[in-house]
Amino acid sequence: MKGVFPLNKFKETETPFYYYDTGLLRKTLRSINIEAGKHDGFFVHYAIKANANPKILNIICQAGLGADCVSGGEIQAAIDSGFSPDKIVFAGVGKSDKEINLGLDKNIFCFNVESIPELSIINELAAHKGKTARVAFRINPNVGAHTHANITTGLAENKFGIAMDDMEDVIGIASSMKNVKFVGLHFHIGSQILDMGDFASLCNRINDLQNRLETHRIKVENINAGGGLGIDYTHPNKVPIPDFKAYFDTYARLLKQRKGQKIHFELGRSVVGQCGSLISKVLYVKHGSVKQFAIIDAGMTDLIRPALYQAYHKIENISSDKTVQTYDVVGPICESSDVFAKAIDLNECNRGDIIAIRSAGAYGETMASQYNCRPLPKGYISEELQ
């Protein structure tokens, strides 16, 4: 079964471009709000790194989510799109002074701090402004995730977070500083996680760490469990909305939430991944000695995930109902890695056919580059191409 697209409008629009089904996005946001809303104290932030298209951000903001940012540019994008500063959290292992000052000036909810040197700089910069910065410490829980090695973040070998053994010392250091206030703990174990057992392991680790802190009479006001929930790249039509019920229920069941404690989540891919497709046209069909290539006008500059992660995306020839043939789908970039898929079945391709690369709403447009002096792809929401 193919996706449903406004094919005539696509034929009139210069390719490649991103197309976002805002009807699906809004259904996804409703599902998030319903399932998270069943549990007291659950609060969801959208991870802007997944997709920072202003039209997408505006819809997510209207749904009431907060924002999870990893740069000063993302903080500004969130504010420009209407997110309230008191719903913005700022993470990242390498925050610059300029970015920290922006967060302080905008009075964001919280800095997720990843090292003692960073904590010291935040305290110093806040002192210059006569402010008190709210900080949560990102603790590296040494919990593995069943996902690609490049997108695991919770192992001791990763660059992210503060070691568990240093947790009490860092909180003690913060308590001695005049211009920071400890307000919580932050965790994140990776991305594109579909095994709820990984989140269960994180819950168990958070429970142990909270018990440890309480022996020192340290109470944690906010627990930020990060994000990481994946999407079904294989079946975007059958499973357009992730299982948010199972995700939030796992935390509600296993995380020992203290009285009055708030649990924060940072969902990105699961919010926007399925609503987006990269739309391209076939430039040429090349018949090689052992295979045939569908050469399209989109390349790794537009969607880098297959080249970077060997990621799978379902690909459809949405303008053809002809007999299925086998193709390598490749782009025009002067790199051997500019391959979207090898030996996949598509309805027979001819020059000018419209190709949809599905499940591209996350880490697609936002990671695009201008390598080979190519223009960045435009992004259109469904209302614009009706």
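Under a 3.5 Å cut-off, the side chain of R134 and the backbone N or O of F109 do form a donor-acceptor pair. Of the possible donor and acceptor atoms, none in the side chain of D21 sits under 3.5 Å from a partner among the backbone N and O of S382. In this structure, S320 contributes its side chain and E348 its backbone to a donor-acceptor pair below 3.5 Å. Of the possible donor and acceptor atoms, none in the side chain of N112 sits under 3.5 Å from a partner among the backbone N and O of R138. At distances below 3.5 Å, at least one donor-acceptor pair connects side-chain atoms of E99 with backbone N or O atoms of S96. Panel note: side chain T215, backbone R212; a donor-acceptor pair is recorded below 3.5 Å. In this structure, R205 contributes its side chain and P141 its backbone to a donor-acceptor pair below 3.5 Å. Not a single donor-acceptor pair under 3.5 Å links the side chain of E114 to the backbone N or O of F137. Proximity of a side-chain donor or acceptor of S31 to a complementary backbone N or O of T28 within less than 3.5 Å is not detected. Side-chain atoms of Q192 come within 3.5 Å of backbone atoms of I231 as a donor-acceptor pair (strictly under, hydrogens ignored).
When the shell of 6.0 Å around OH of Y371 is examined, it contains more than 12 heavy atoms from other residues, nucleotides or ligands. Other residues, nucleotides and ligands contribute more than 12 heavy atoms inside 6.0 Å of the CD atom of E383. More than 12 heavy atoms of other residues, nucleotides or ligands sit less than 6.0 Å from atom NZ of K131. Atom NZ of K55 is surrounded by more than 12 heavy atoms from other residues, nucleotides or ligands within 6.0 Å. When the shell of 6.0 Å around CG of D321 is examined, it contains 12 or fewer heavy atoms from other residues, nucleotides or ligands. Crowding of K342 atom NZ: a count of heavy atoms from other residues, nucleotides or ligands under 6.0 Å not exceeding 12. Around the NZ atom of K286, the shell of radius 6.0 Å holds no more than 12 heavy atoms that belong to other residues, nucleotides or ligands.
In this structure, H45 has its ring center at least 6.0 angstrom away from the ring center of F265.
Checking T366 against N51 by side-chain atom types alone, no donor-acceptor pair falls below 3.5 Å. A donor-acceptor contact under 3.5 angstrom links the side chains of Q261 and Q210, judged on distance only. Counted by atom type alone, K314 and N237 present zero donor-acceptor pairs between their side chains at under 3.5 Å. The closest side-chain donor-acceptor pair between N224 and E266 falls under 3.5 angstrom. T132 and N179 are not linked by any side-chain donor-acceptor pair at a separation below 3.5 angstrom, with hydrogens and angles left out of the test. A donor-acceptor contact under 3.5 angstrom links the side chains of N317 and S319, judged on distance only. A donor atom on one side chain and an acceptor atom on the other are not found under 3.5 Å apart for N8 and E12. In summary, the side chains of N222 and H186 do not present any donor paired with an acceptor at a separation below 3.5 Å, with no hydrogens or angles considered.
Nearest approach of I100 to I121, heavy atoms of both residues: CD1-CG2, 4.1 Å. Taking both residues in full, the closest heavy atoms of K95 and G92 are given as NZ-O, 2.8 Å, listed atom of the first, atom of the second, then distance. The shortest non-hydrogen separation linking P54 to S81 is O-OG, 4.2 Å. Scanning all heavy atoms of the two residues, the minimum distance from P332 to I296 falls at CD-O, 3.3 Å. Heavy atoms only, all atoms of each residue included: E384 and G379 are closest at OE1-O, 4.1 Å. Of all heavy-atom pairs spanning K281 and K11, the tightest one is NZ-O, 3.4 Å.
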Problem - ring-ring contact (aromatic ring centres under 6.0 Å, His included) assessment of F83 paired with Y46 - result: CA-CA 10 Å; F83 288 88; Y46 167 64; 7.3 Å; no
Exercise for the section: Applying side chain to side chain contact (heavy atoms under 4.5 Å, CB included), run through N140 and I162 and close with a yes or a no. Expected result: CA-CA 5 Å; N140 189 321; I162 295 166; over 6 Å; no
Practice task
Could you go through the side chain to side chain contact (heavy atoms under 4.5 Å, CB included) check for I263 and Q257 one step at a time?
Solution key: CA-CA 8 Å; I263 311 299; Q257 183 178 5; 3.7 Å; yes
Problem - side chain to side chain contact (heavy atoms under 4.5 Å, CB included) assessment of Y233 paired with Q274 - result: CA-CA 8 Å; Y233 282 94; Q274 295 290 40; 5.8 Å; no
Exercise for the section: Apply salt bridge (Lys or Arg N to Asp or Glu O under 4.0 Å) to the pair K129 and D105, showing each step before the final yes or no. Expected result: CA-CA 8 Å; K129 294 178 179 294; D105 290 340; 2.9 Å; yes
Exercise for the section: Determine, step by step, whether D328 and Q292 satisfy the side chain to side chain contact (heavy atoms under 4.5 Å, CB included) criterion, reporting the C-alpha distance in whole Å, the side-chain angles of both residues, the deciding distance to 0.1 Å, and the verdict. Expected result: CA-CA 6 Å; D328 282 13; Q292 62 179 347; over 6 Å; no
Exercise for the section: Give the intermediate values and the outcome of salt bridge (Lys or Arg N to Asp or Glu O under 4.0 Å) for residues R258 and E214. Expected result: CA-CA 11 Å; R258 273 52 175 178; E214 286 174 351; 2.8 Å; yes
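The distance from the OG atom of S176 to the CD1 atom of I171 is 12.5 Å, given to the nearest 0.5 Å. I193 contributes atom CD1, which lies 8.0 Å from atom OH of Y247 (distance to the nearest 0.5 angstrom). Atom SG of C69 is separated from atom NZ of K106 by 12.5 Å, given to the nearest 0.5 angstrom. Once rounded to the nearest 0.5 Å, the distance linking OG1 of T22 with CD1 of I56 reads 7.5 Å. Atoms CG and CG, on L194 and D243 in that order, are 10.0 Å from each other to the nearest 0.5 Å. Rounded to the nearest 0.5 angstrom, R30 CZ and I241 CD1 are separated by 8.0 Å.
A salt bridge links R358 with E316: the distance from a Lys NZ or Arg NE/NH1/NH2 to an Asp or Glu carboxylate oxygen falls below 4.0 Å. Look at D249 and K245 and you find a salt bridge, because one of the NZ, NE, NH1 or NH2 atoms lies within 4.0 Å of a carboxylate O, short of that distance. Between D302 and R374, at least one side-chain nitrogen of the basic residue sits less than 4.0 Å from a carboxylate oxygen of the acidic one, meeting the salt-bridge criterion.
The aromatic rings of F17 and F10 sit perpendicular to each other, their planes meeting at more than 60°, with 30° as the lower class boundary. Y20 and Y18 have parallel rings, their planes meeting at less than 30° on a 0 to 90° scale where 60° marks the start of perpendicular. Classification of the F199-Y251 ring pair by plane angle, with boundaries at 30° and 60°, yields tilted.
With a 4.5 Å cut-off on side-chain heavy atoms, M167 and L209 count as touching. Using a 4.5 Å heavy-atom cutoff, the side chains of I315 and L346 are in contact. Contact check for P242 versus R269: no side-chain heavy atoms found under the 4.5 Å cut-off. Between E168 and L213 the shortest side-chain heavy-atom distance falls below 4.5 Å.
M164 and V135 fall within the same hydrophobic cluster, defined by Ile, Leu, Val, Met, Phe, Trp and Tyr side-chain heavy atoms under 4.5 Å apart, directly or through other members. In the hydrophobic clustering of this structure, V282 does not group with I279; members are Ile, Leu, Val, Met, Phe, Trp, Tyr whose side-chain heavy atoms approach within less than 4.5 Å, directly or through other members.
Listed by chain and number, the residues in a salt bridge (charged side-chain N to carboxylate O under 4.0 Å, His left out) with E335 amount to none (sequence neighbours excluded).
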